[in-house]
Amino acid sequence: MRIDILTLFPNMFSGVLGESILKKAQEKEKVSFQVINFRDYADNKHQNVDDYPYGGGAGMVLKPQPIFDAVEDLTKNSTAKPRVILLCPQGSKYTQKKAEELAKEEHLIFICGHYEGYDERIREHLVTEEISIGDFVLTGGELGAMVIVDSVVRLLPGVLGNEDSPILDSHSSGLLEHPHYTRPANFRGLEVPEVLLSGNHQLIEQWREKESFRRTYLRRPDLLEKYKLTEQQQKWLKEFETNE
Ligand SMILES: C[S@@+](CC[C@H](N)C(=O)[O-])C[C@H]1O[C@@H](n2cnc3c(N)ncnc32)[C@H](O)[C@@H]1O
């Protein structure tokens, strides 16, 4: 996968892209990153990328020219039609489903905004979609792009080791993941559930499925509204409604 990030603050990315899974994914040639300062594309003498809003009002607005030119330049030599994503608190809310969808693409371009926002023509005529990472406002789109890039790249085949499979992660199946325990079996008198020490893989699997369902019921009942319950889960639901 090829990922291009357009930003006014490229240095923000060096830590995130140079560590952990994102670093390993590049070493394994599963992904390549380019972080580009779109100020370099500004066609005016002072390399201004923003200007006052027409009609007056607070804040500066990102001009269309540098961003259009940067995206067109990156698209020119692309083997696949890139998906151009605008980071924006007004966009559709980011989810694991969207991460899975983006992980199938060959080329992603992220545009990180700053200041008051973008000239509307960027939204209307340049981008494929606008994504928000939540109902709050950040100073710029960089942290949002990092969140999306991290969650997408870890889904690319061969990026995570087998022991770290993303399939069981929270939100992948529609439920939250079950609780985990590790050694020691007794920590300050706090014991690990006995079934996990039993060596009986079938019982352990059943316990995990039930605890994953219980956790979702208790913490995120909204997720169950869209979830198609199995017969077993319907029984658990009745049990939880009576006991929890
Ligand atoms: C200060 S914000 C601008 C907010 C804008 N005035 C508004 O009310 O919609 C500057 C930039 O930060 C980024 N940003 C802020 N909040 C975000 C969010 N929740 N998700 C994704 N990007 C965000 C966007 O790139 C945005 O253009």
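Both counts, for ligands and for their atoms, begin at 1 and track the order of listing.
- K28 places a side-chain N or O within donor-acceptor distance of the main-chain N or O of V159, the cut-off being under 3.5 Å.
- The distance criterion of under 3.5 Å between nitrogen or oxygen atoms is met by G113 with respect to ligand 1.
- Contact record, C112 with Y118: C-OH, 3.8 Å, taken as the closest heavy-atom pair.
- The option with the heavy atom closest to atom 3 (C) of ligand 1, from among E116, E130, Q90, H114, is E116.
- Here the side chain of T128 pairs a donor or acceptor atom with the backbone of V84 at under 3.5 angstrom.
- Under the 4.5 Å side-chain heavy-atom criterion for ILVMFWY residues, no single connected hydrophobic cluster contains both Y41 and V61.
- Closest to atom 27 (O) of ligand 1 among all protein heavy atoms lies Y118 CE1, 3.4 Å.
- Residue contact check: G141 has heavy atoms under 4.0 Å from atoms 12 (O), 13 (C), 25 (O) of ligand 1.
- Among all non-hydrogen protein atoms, the one lying nearest atom 24 (C) of ligand 1 is L87 O, 3.1 Å.
- Listed by number with element, the atoms of ligand 1 under 4.0 angstrom from any heavy atom of V137 are 1 (C), 2 (S), 16 (N).
- Atom 19 (N) of ligand 1 has its closest protein heavy atom at F136 O, 2.8 Å.
- Residues that satisfy the side chain to side chain donor-acceptor pair (under 3.5 Å) test with R214, not counting sequence neighbours, are E211, E244.
- Going from atom CD1 of I111 over to atom CG of L87 covers 9.0 Å, rounded to the nearest 0.5 Å.
- With respect to atom 21 (C) of ligand 1, the closest heavy atom belonging to the protein is C88 N, 3.5 Å.
- For ligand 1 and I131, the ligand atoms under 4.0 Å from any heavy atom of the residue are 21 (C).
- Taking the six-membered ring wherever Trp is involved, the centroid distance between the rings of H114 and F9 falls below 6.0 Å.
- Of all atoms in ligand 1, numbered sequentially from 1 with element shown, those under 4.0 Å from a heavy atom of Y115 are 1 (C), 2 (S), 3 (C), 10 (C).
- If you take CZ on R220 and CD on E225, they are separated by 10.0 Å, rounding to the nearest 0.5 Å.
- Of the protein's non-hydrogen atoms, the one nearest atom 20 (N) of ligand 1 is I133 N, 3.0 Å.
- Look at E129 and K98 and you find a salt bridge, because one of the NZ, NE, NH1 or NH2 atoms lies within 4.0 Å of a carboxylate O, short of that distance.
- In this structure, the protein non-hydrogen atom closest to atom 2 (S) of ligand 1 is L138 O, 3.3 Å.
- Scanning the protein heavy atoms around atom 23 (C) of ligand 1, the nearest turns out to be P89 CD, 3.7 Å.
- Residue contacts with ligand 1, taken as heavy atom pairs separated by less than 4.0 Å, involve T139 solely via the backbone atoms N, CA, C and O.
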